[in-house]
Amino acid sequence: MKSQEILQSISPDLVEEIFTSIHRIEKASYRSLLETLASRKKLRTIYLERKPRVERHLWMRDELIRPSNLDMADQVLQVWLLSDSQPMICAFLDTLGIVHDGKGLVDDLPGEPEPAKVHKAVQVLLKDYDARKVAIYLHFFADMADSPWPELQRLLASEERLKLSEPHTAQS
């Protein structure tokens, strides 16, 4: 599932949580995102800054789900996950035995580990972390892997807690 599809599928409350978290933890990234999206729509950033935050965040999500903004949608999820959910990412990688930098970044992602390990890693996350965040991370991770991970794909399709909600339509 592409990052744009993930953003389109999540609830407005979770959209608000993601952008609020980025605003709180990664102010420079938030500002850059706002400026880039405004520029691509030929708007002045101040116009967006004057919108109520919830309205601004829904507008940002609606812009990010456009095909021309795939790069920014990827960046939003990456920044949010790495700043807000680092322990979850590290737990997943550690359970799989994948070497990382201690912050959840991997230099060379191997092919899919044995199915039992993947299943165990997913169950660890679902036991210890918010299922909504786990679902977003695993869908995002599955799309970023160089080669498909069949067991992870099977779990994403069959595990109810990993299913994202129905797509939300763009706000006018």
Side-chain angles (χ1 to χ4, degrees), residues 1-90 92-93 98 100-109 125 129-149 152-153 156-157 162-172:
M1 185 177 261
K2 300 275 183 225
S3 55
Q4 293 168 311
E5 296 168 308
I6 293 169
L7 288 169
Q8 187 173 12
S9 297
I10 60 178
S11 70
D13 290 345
L14 190 49
V15 168
E16 179 62 20
E17 185 179 327
I18 289 170
F19 286 115
T20 298
S21 177
I22 293 172
H23 183 264
R24 186 182 75 251
I25 299 170
E26 296 285 341
K27 287 190 186 317
S29 294
Y30 181 90
R31 179 76 181 165
S32 175
L33 170 66
L34 194 60
E35 289 172 351
T36 301
L37 291 175
S39 169
R40 288 180 181 183
K41 286 297 279 188
K42 300 191 184 332
L43 296 171
R44 292 179 51 211
T45 307
I46 192 74
Y47 168 77
L48 298 174
E49 291 172 333
R50 289 183 178 157
K51 286 180 174 273
R53 188 170 284 172
V54 171
E55 186 180 330
R56 178 185 336 137
H57 291 164
L58 288 174
W59 179 88
M60 291 166 72
R61 188 269 315 266
D62 290 345
E63 288 305 308
L64 289 170
I65 65 177
R66 295 179 188 278
S68 60
N69 288 324
L70 177 60
D71 61 329
M72 297 304 295
D74 286 344
Q75 183 181 349
V76 162
L77 289 181
Q78 188 172 31
V79 165
W80 174 65
L81 287 165
L82 288 172
S83 64
D84 189 75
S85 301
Q86 206 172 67
M88 177 183 71
I89 294 168
C90 291
F92 181 69
L93 297 172
I98 296 174
H100 58 91
D101 68 351
K103 297 177 183 176
L105 294 175
V106 177
D107 287 332
D108 189 27
L109 186 65
L125 294 189
Y129 299 95
D130 180 339
R132 299 173 313 158
K133 291 180 181 181
V134 171
I136 290 171
Y137 170 63
L138 292 177
H139 280 279
F140 186 63
F141 179 88
D143 184 57
M144 299 208 47
D146 291 335
S147 60
W149 286 25
L152 181 56
Q153 295 296 339
L156 289 171
L162 297 177
K163 292 184 179 174
L164 297 173
S165 66
E166 294 301 311
H168 297 275
T169 56
Q171 305 290 314
S172 5

| Residue pair Met72 / Glu63, side-chain heavy-atom distance below 4.5 Å | no
| Sub-3.5 Å donor-acceptor pair from the side chain of Thr36 to the main-chain atoms of Ser32, do we have one? | yes
| Are Leu34 and His23 side-chain neighbours, meaning at least one heavy-atom pair lies under 4.5 Å? | no
| Quick one: which of Glu55, Arg56, Lys51 gives a side-chain contact (heavy atoms from CB on, under 4.5 Å) with Arg53? | Arg56
| field | Leu162 backbone acceptor or donor facing His139 side chain under 3.5 Å | value | yes
| Under a 4.5 Å cut-off applied to non-hydrogen side-chain atoms, are Tyr137 and Leu77 in contact? | no
| remark: Taken in chain and number order and not counting sequence neighbours, the residues that satisfy salt bridge (Lys or Arg N to Asp or Glu O under 4.0 Å) with Glu16 are none
| message | Measuring only between side-chain heavy atoms, which start at C-beta, is Leu33 closer than 4.5 Å to Val79? | response | no
| In Å and rounded to the nearest 0.5 Å, what is the CH2 to CD distance from Trp80 to Glu17? | 6.5 Å
| What pairs with Glu5 under salt bridge (Lys or Arg N to Asp or Glu O under 4.0 Å), at least two apart in sequence or on another chain? | none
| Side chains of Ile10 and Arg132: does their closest heavy-atom pair fall under 4.5 Å? | no
| said: Donor-acceptor check, side chain of Lys163 to backbone of Ala157, threshold 3.5 angstrom: yes or no? | reply: yes
| query | With side chains defined as the heavy atoms from C-beta onward, is the minimum distance between Asp143 and Met1 less than 4.5 Å? | reply | no
| Atom of Leu7, atom of Val15 and distance for their closest heavy-atom approach | O-CG2, 4.4 Å
| request: Could you tell me whether Phe141 and Phe92 have their ring centroids closer than 6.0 angstrom? | output: yes
| When rounded to the nearest 0.5 angstrom, what distance separates NZ in Lys103 from CG in Leu93? | 14.5 Å
| message | Using every non-hydrogen atom in the two residues, find where Ser3 and Phe140 come nearest and quote the distance to one decimal. | response | CB-CE1, 4.0 Å
| message | In the structure I gave you, are the side-chain heavy atoms of Leu58 and Pro12 within less than 4.5 Å of one another anywhere? | response | yes
| query | Has the side chain of Asp101 got a donor or acceptor atom that lies under 3.5 Å from a matching backbone atom of Gly104? | reply | yes
| task | Answer whether the closest heavy-atom distance between the side chains of Tyr30 and Arg24 falls below 4.5 Å. | result | no
